[in-house]
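What follows is a set of notes on a single structure, which appears directly below.
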Amino acid sequence: MSFRVVQADSRRLWAPAQTTGTGASSEVKPDVEKGQIYTVESSSDPFHPSGNVTIDSKSGSSPNADINDLPNPLRNLTLCASLCSSATVQRVRGEEGDGDEKKGWEGHGDATEVALQVFAHKIGHGRAHLTGNTKEDEDLIHATNIDAHEVVVEHAFDSGIKRMSMAYVCTPSEGKPYILVVMKGAFERVFDRCTNILLDGRAVTASDMDSVMHHYESLASEGLRVLTMCAKRLPINMLESVKTMPREELETDMSFLGLAGIYDPPRVESALAVKDCHRASIVPRMLTGDHVGTAIAIALDVGILWRDYPKTAVMTGPEFDKLTDDEIDALDPLPSVVARCAPETKVRMVEALHRRGRLCIMTGDGVNDAPSLKRADVGVAMGKNGSDIAKQCAEIVLSDDNFATIIVAVKKGRGIFFNLGKFFLYLMSGNIAQIVLMLVGLAFIDEAGESTFPISPVGILWINTLCAGPPALALGLEETPADAMLRTPAEYKTIFTFWWIVDLFAYGFFMGAIALANFAIVMYGYFDGFLGLDCNERLDKDLCDFTGRARGSVFASFLFILLVHAFVCKHPLQSIFKMNLIENKPLLWSVSILCLSVFPVIFIPVINDRVFLLFPIEWEWGLVFASMVVYLICTELYKIMRRHITPIQVATDHTAEKEVGTEKMV
């Protein structure tokens, strides 16, 4: 996952040597048990190639390293960091004719290698100067005693073996040329290729690996991405054989130089995004090639792990790969963090999730991520730093390489899904109400034995086409509700859930029943119940006066209730009195305009009696507004019942949970 920013910077270095001074002639003892730590000064601009490198000392005094008189272990470590890289650091220049040339600095290449180049430039040994491919710049400092280097072999970083190597012809200012082979990578894939400690140092002993690993884990526990550096010198007469030498042979008999700890900080928004994942019952897992200590530090920082996480929540790739499918299926839960994982580890994790009936979203940027991106239900590739193959295998490409963008998209998608439910609920519950009104209305029989409609067909058509559409569309523009990310993904499997169907018929029944009650109250409570003759075809003032006024009451009350119903549909559980009713401006405008449309229909002659078959109403307006109040009471009581059965979910702080990695439906 892309939790990290793209600007990394080198913070700490460790070399297996205890120096007694800062001069090049200082005595150096290849002591891996204690060694020497160097701290790299950082600035607000991670690409700015300036800052001191201090030699840490327990005495409290930490002198700055002199770029022209570096201790041999630090110089060789710097040469490896600088030369075993293809990244560059350069100033951002203004446009031609622009007087302001100082536009800051930028790095090109992998973020880790850019960080190493920035460090190398700070200490005066940038690759550009070592290879003679730079123009003089007053802010690009460089040592005066550097040797010339010409690249002859480059083996790019391979995620399968987790290392890269390069070979150079080194031409010193004094002495004979020689071949310098430099290599960096993961500790377990680099240290086993080493036979010596430091160039021209002693041979590796049995205890060296444990001592170096101790320092490695110490740096990794600080959240640093730790790279292991090594090199070797070969005679110049081997130049042609080096060019054709197999990679495995070239990367043997190396001399261990030290460790470089790079600070690759998580994005500020990553922790909030992971917290939203937990709230939304989405389980975030981190599968990374970093050392387990670095992976744990990052996972703790962003909230994937908690401080008291169980041991089963973290595994290494080799440990996970050794398990059979049955053993993986027996894990409860699956690990939240897998460090030092290979491409096939990610594929096995996807398959393990699928066997558990889970949906899986996989992010990746490299060529080797392509299989897992293809196997996942949704593959997400990085748009900035992602490879073309990863982008082709993925369904989604992130333009900003930011994990938080995925969560924003999930939230937006849930909001759209939620709004579709409101849209359909509003329209279809209105249709249910009309069906109730028309079907039950068949029970009103006139003097000729014919059923008298409580509302005319034109009135139904007017409400159904002109008055129901705009509020429904406005509901589709609602903001994502606050509890959208508190629901499980299973709740978004279908719009037509059990409670959605119950809401549909409940609201439809309420609206239809209140409209029917209005017709009955006007006809039988106030008038004498005379329904007239042939009032479905035309309205005769003498025969259909009572029916026309009852229809006017039904039309007005039904339309006003339907408009109130639009606000009721904003949330299936929340009370209308706790909603922000003015946040949806399109809904307010549509409701306001449709409210005004009632009066021309009822009061304009010819339109009212010949088109809509109703008469103007008088005292019935009180009944209309009372109907709105009754509908609100009914819906509020219904929502109270709903909240009692399915309470509104409240955001909780999952960082307080004790159980980590609990499987949730994803």
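By the 6.0 Å contact criterion, CD on E395 is enclosed, its count of non-hydrogen atoms from other residues, nucleotides or ligands being greater than 12. Annotation for I582: atom CD1 does not count as buried by contact number, only 12 or fewer foreign heavy atoms lying within 6.0 Å. Surrounding OH of Y638 are more than 12 heavy atoms belonging to other residues, nucleotides or ligands, all under 6.0 Å away. Within 6.0 Å of atom CZ in R355, more than 12 heavy atoms from other residues, nucleotides or ligands are found, so the atom counts as buried in its surroundings. For R375, the CZ atom counts as loosely surrounded, since its 6.0 Å shell holds 12 or fewer non-hydrogen atoms of other residues, nucleotides or ligands.
Residues H565 and Y507 bring no donor and acceptor atom of their side chains to less than 3.5 Å of each other.
Remark: F510 engages no residue in a ring-ring contact (aromatic ring centres under 6.0 Å, His included) (not counting sequence neighbours). Partners of F320 according to the ring-ring contact (aromatic ring centres under 6.0 Å, His included) rule, which considers only residues two or more places apart in sequence or in another chain, do not exist here. For I389, the side-chain contact (heavy atoms from CB on, under 4.5 Å) criterion is met by V367, A370, S387, C393, not counting sequence neighbours. For W499, there are no ring-ring contact (aromatic ring centres under 6.0 Å, His included) partners, not counting sequence neighbours. Shown here are the ring-ring contact (aromatic ring centres under 6.0 Å, His included) partners of F505, two or more places apart in sequence or in another chain: there are none.
Applying the ring-ring contact (aromatic ring centres under 6.0 Å, His included) test to residues at least two apart or on different chains, the pairs with a partner in residues 474-494 are F417-Y492.
Residues L425 and D503 meet the side-chain proximity criterion, which asks for heavy atoms closer than 4.5 Å. Looking at heavy atoms from C-beta onward, F567 lies in side-chain contact with V591 at the 4.5 angstrom threshold.
Note that OG1 of T452 is 4.5 Å distant from CG of L531, once rounded to the nearest 0.5 Å.
Ring centers of Y526 and W619: under 6.0 Å apart, within the cut-off.
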